[in-house]
2 protein chains.
Amino acid sequence: MLTPTQPRPITPSSGSTEHTTVSPPTRGTRQSPPPRAATRTAARCSSCSMRLLCMPQGLSADELSKLETLICSARSVQRGEALYRSGDRFDSIYAVRSGSMKTVMIHRDGREQVTGLRLAGEALGLDGISADVHACSAVALEDSTVCIIPYSPLKLLCREISSMQDRMHKLLGAQIVSEAAQMMVLGSLSADERVAAFLLDVSQRNAQRGYSWSEFNLRMTREDMGSYLGMTLETVSRTLSRFQKRGLIDTQGKHIRIVDLEGLRQV
Amino acid sequence: MLTPTQPRPITPSSGSTEHTTVSPPTRGTRQSPPPRAATRTAARCSSCSMRLLCMPQGLSADELSKLETLICSARSVQRGEALYRSGDRFDSIYAVRSGSMKTVMIHRDGREQVTGLRLAGEALGLDGISADVHACSAVALEDSTVCIIPYSPLKLLCREISSMQDRMHKLLGAQIVSEAAQMMVLGSLSADERVAAFLLDVSQRNAQRGYSWSEFNLRMTREDMGSYLGMTLETVSRTLSRFQKRGLIDTQGKHIRIVDLEGLRQV
DNA sequence: CGCACGCTTGAGTGTCCTCAATTCGAGTGG
DNA sequence: CCACTCGAATTGAGGACACTCAAGCGTGCG
C-alpha cells in the first residue's frame with residue numbers, strides 16, 4: 001500500500017497561522033491570527049455530542065448527566081482554516097455542528113488527496129486514535145463550528161456506560177465501512193459512475209439529517225471533488241455538464257439539484 | 001479510470017457451500033462440504049489473540065487470566081473459501097494465525113473490489129461492527145487458520161480493562177488510517193507508483209512481524225492485486241516485468257524479492 | 001470597478017484498458 | 001513417470017477514456 005505515516009513535509013503546527021499547503025488559502029479568507037476557540041455553553045455542546053454519540057440508544061437520566069460532565073466546548077473554524085493538521089497531537093474527536101469540512105492526506109511529494117467530506121452532525125478526528133497523532137488534516141469548506149469531545153474522558157465514559165461503548169465502536173466501524181466503500185469507488189468505477197455515486201452519497205446523507213435529498217450546496221471546489229474522486233477538476237466539470245444535458249441534475253456552481261434520482265442510480 | 005471486471009453474479013450466502021464466484025475456485029481445491037470449524041486448545045488461541053490485542057501494553061497476571069476466559073476458538077479456512085461473507089451476521093472478530101486472506105467488497109452490479117490483504121497476525125472482521133452485519137467478504141488466499149474472538153465478551157473485557165479498551169480503539173483506528181492511505185494510493189498515484197507502494201507496504205508489514213522484508217510470497221493473483229490497486233491484471237504484470245528489467249525486484253510468479261529498496265521508494 | 005479565483009469548454013496527447021495469442025506451472029489421470 | 005489440462009501469467013497491438021494545456025467566462029470580494 002504505502003508507508004502510512006510518511007515524513008510530514010507539512011509544517012505540522014508552525015507558529016504561524018498559515019494553513020499553507022493543505023488548501024491554497026483563499027485570498028479572501030481573512031487570516032485570523034489566533035485560531036480563536038470560541039467556547040460555548042456546555043448545554044448546547046453536550047446536546048451536540050449527544051446526537052453524535054447516543055442517537056440510537058436511550059440513556060437513563062443518570063447516564064445523561066454523566067455525559068454532560070464531558071468537557072465539551074465548541075470551536076469555530078473559518079473557511080480554509082485547519083481544525084487540526086496531519087502530525088498534530090490527538091486528544092479530541094469532533095462533531096461538526098454547522099458548516100462542513102474536508103479531510104486531507106498529504107503524500108510526501110506534496111500531492112494531496114481529499115479523503116473525506118464531513119457534513120453537520122458527522123464525526124471528525126478519528127484518524128488520530130491509532131497513533132495519538134492525526135494522520136489527516138481537517139479543513140473547513142465554509143465557516144463552520146465543531147463540538148470538541150475530549151478523548152480521555154470519553155474513554156472513561158465508554159467504560160462506564162455500555163451503550164456509549166457501543167456507540168463509539170459503531171462510529172469507528174462506520175468510518176471503516178465508508179472508507180472501504182470509497183475504495184471501491186476509486187478502484188472500480190468510471191468517471192461518470194464516481195460522480196454519480198458521490199452525488200447520491202451526499203444526497204442520502206442530507207436526507208438522513210433531515211435536509212433535502214434533492215437540493216444542496218456542495219461547498220467543495222471542483223478540485224476538491226476531483227481529488228476525492230480520483231480525477232481532475234476538468235473531468236468533474238465535464239461530467240456534471242453532461243449530467244445536466246442528460247437531465248439528471250441541475251447545477252449552477254456549487255448549488256446542485258438532483259432532477260432524476262433513478263437516472264443517477266443507473267450511472 | 002476504468003471499468004475493469006465483468007459483471008460478476010455473486011451469490012452472497014447461497015445455501016450451498018460453494019464459494020462460487022468470490023474467487024474462481026481452483027479445481028484442485030477440495031470442496032469441503034461443512035466449512036469445518038476445527039477447534040483448538042484455548043491456550044494457543046488466547047496467545048494468538050493476545051498478540052493481536054495486547055501487544056503494546058503489559059497486563060497484570062490477573063488481567064491475563066481474564067483475557068483467557070474469552071472463548072477463543074480457531075478455525076481453518078481452505079484456499080478460496082470464505083471465512084465470512086458480505087451480509088453475514090457479525091459476532092466475532094478474527095486474527096489471522098497462519099496463511100493470508102483478502103477482503104472483498106461487491107458492487108451491486110457484481111463488480112468486486114479487493115479492499116484489503118491480511119497477513120498472519122493481523123485483524124479481520126472489523127467491517128461488521130457498525131451494522132452488526134459484515135460489509136465485506138473475507139476469502140482465504142491460501143489454506144489458513146484464524147483465531148475467533150467473540151465480540152460480546154470482548155466488549156465486556158474492554159470495559160473492565162482499560163488497556164484492552166485502548167488496544168481495541170487503536171485496532172479500529174489503525175484500519176481507518178490504513179484505508180485512508182489506500183484511498184490516497186487509488187486516488188493520486190500512477191500505476192507504477194501503486195505497485196511500488198504495494199510492494200513496500202507488504203515488505204514493511206513482513207518486517208514488522210519478524211519475517212524478511214526483502215523476500216516473500218504474495219499469494220494474491222495478479223487479478224487480486226489489480227483489483228486492490230485499481231488496475232487490470234495485465235498492467236500489474238507489465239509493471240512487475242518493467243520493475244524487474246530496471247533491477248528493482250526479482251519475481252517469478254508469486255515469489256517476489258526486493259532488490260533495490262531505495263529505488264522502489266523513488267517510484 | 002477590477003482583479004482573482006473558480007468554473008467551463010475545447011483540442012491534442014498519453015496512460016492504461018481491451019482483446020488476443022502464447023507461455024508457464026501445478027495438479028491430475030493415464 | 002509423463003502427457004494432459006486448466007488456470008495464471010506474460011507479452012503484443014490497437015483503441016478509449018481521462019489527463020494536460022490553454023483559452024474564455026462568470027462572479028464574488030476588495
Side-chain angles (χ1 to χ4, degrees), chain A residues 23-31 78-80 111 141-143 185-195 217-227 229-245 249-256 267, chain B residues 1-7 19-31 78-80 102 111 141-143 185-195 217-227 229-245 249-256 267:
Chain A
S23 173
T26 311
R27 258 309 166 80
T29 304
R30 112 185 70 134
Q31 310 256 79
Q78 306 291 317
R79 178 159 72 109
R111 275 176 292 188
L141 294 169
E142 58 194 303
D143 293 357
V185 167
L186 291 168
S188 301
L189 304 190
S190 70
D192 281 14
E193 291 169 328
R194 289 179 204 195
V195 174
N217 269 49
L218 259 190
R219 299 315 235 284
M220 311 174 93
T221 65
R222 300 289 188 255
E223 183 167 18
D224 285 333
M225 285 180 60
S227 170
L229 298 176
M231 48 206 262
T232 59
L233 67 100
E234 292 96 331
T235 304
V236 171
S237 178
R238 272 187 257 269
T239 304
L240 289 173
S241 299
R242 216 165 333 106
F243 282 2
Q244 178 147 17
K245 279 189 197 107
I249 62 174
D250 192 46
T251 84
Q252 25 199 3
K254 300 199 191 308
H255 186 84
I256 291 181
V267 183
Chain B
M1 185 201 294
L2 82 169
T3 54
T5 48
Q6 59 282 57
H19 38 280
T20 52
T21 47
V22 171
S23 173
T26 312
R27 259 308 167 79
T29 305
R30 112 186 69 134
Q31 309 255 82
Q78 306 291 319
R79 177 158 73 107
K102 65 176 175 180
R111 276 177 292 189
L141 293 169
E142 58 194 304
D143 293 358
V185 168
L186 291 169
S188 301
L189 304 190
S190 70
D192 281 15
E193 291 169 327
R194 288 179 205 194
V195 174
N217 269 50
L218 259 189
R219 301 311 237 285
M220 311 174 94
T221 65
R222 300 290 188 254
E223 183 168 18
D224 285 333
M225 286 179 59
S227 170
L229 298 175
M231 49 206 261
T232 59
L233 66 101
E234 292 96 330
T235 303
V236 172
S237 179
R238 273 186 258 268
T239 305
L240 290 173
S241 299
R242 215 163 336 104
F243 282 2
Q244 177 147 18
K245 281 193 195 100
I249 62 174
D250 192 46
T251 84
Q252 25 198 5
K254 300 198 190 312
H255 186 84
I256 291 181
V267 185

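Below, read A as the first sequence line, B as the second, and so on, with proteins coming before strands; counting in each chain starts at 1. Atom set for the values below is all heavy atoms of this structure, side chains included, hydrogens, waters and symmetry mates excluded.
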**Q.** Shortest non-hydrogen contact from B/R111 toward A/L189
**A.** NH2-CD2, 3.6 Å
**Q.** Closest nucleotide among D/dA8, C/dT8, C/dC16 to the A/T251 side chain
**A.** C/dT8
Q.
Under 4.0 Å, heavy atoms only, any strand: does B/L240 hit a base, just the sugar-phosphate, or nothing?
A. nothing
Q: Please check the phosphate of C/dC17 (OP1 and OP2 only) for any side-chain N or O of B/T232 closer than 4.0 Å.
A: yes
Q. Where is the tightest heavy-atom contact between B/F243 and B/V195, given as atom of each residue plus distance?
A. CE2-CG1, 3.8 Å
Q) For A/R79 and A/L141, which heavy atoms make the closest approach, and how far apart are they? A) CD-O, 3.2 Å
Q. Under 4.0 Å between a side-chain N/O of B/K254 and OP1 or OP2 of C/dG25, yes or no?
A. no
Q | B/N217 CG - D/dA8 P separation (whole Å) | A | 16 Å
Q.
I want to check one thing: is the phosphate of C/dC17, taken as OP1 and OP2, less than 4.0 Å away from some side-chain N or O of B/T235?
A. yes
Q: Provide the closest heavy-atom pair for B/T221 versus B/K254 in the form atom of the first, atom of the second, distance.
A: CA-NZ, 3.7 Å
Q.
Taking salt bridge (charged side-chain N to carboxylate O under 4.0 Å, His left out) as the definition, give me every residue that meets it alongside A/D192, ordered by chain and number, with sequence neighbours left out.
A. A/R242, A/R246
(Q) Rounded to whole Å, how long is the line connecting atom CZ of A/R111 with atom P of D/dC19? (A) 14 Å
Could you list all N or O pairs between the protein and nucleotides 19-24 of chain C that sit under 3.5 Å apart?
residue, atom, partner, partner atom, Å
C/dC19, N4, B/E234, OE2, 3.2

Q. Given D/dT20, C/dT9, D/dA9, which nucleotide is nearest the side-chain atoms of A/S241?
A. C/dT9
Q.
For the backbone of B/E234 and the side chain of B/R222, can you confirm whether one donor and one acceptor N or O come within less than 3.5 Å of each other?
A. no
**Q.** Whole-Å distance separating the CD atom of B/E142 from the P atom of C/dG27
**A.** 13 Å
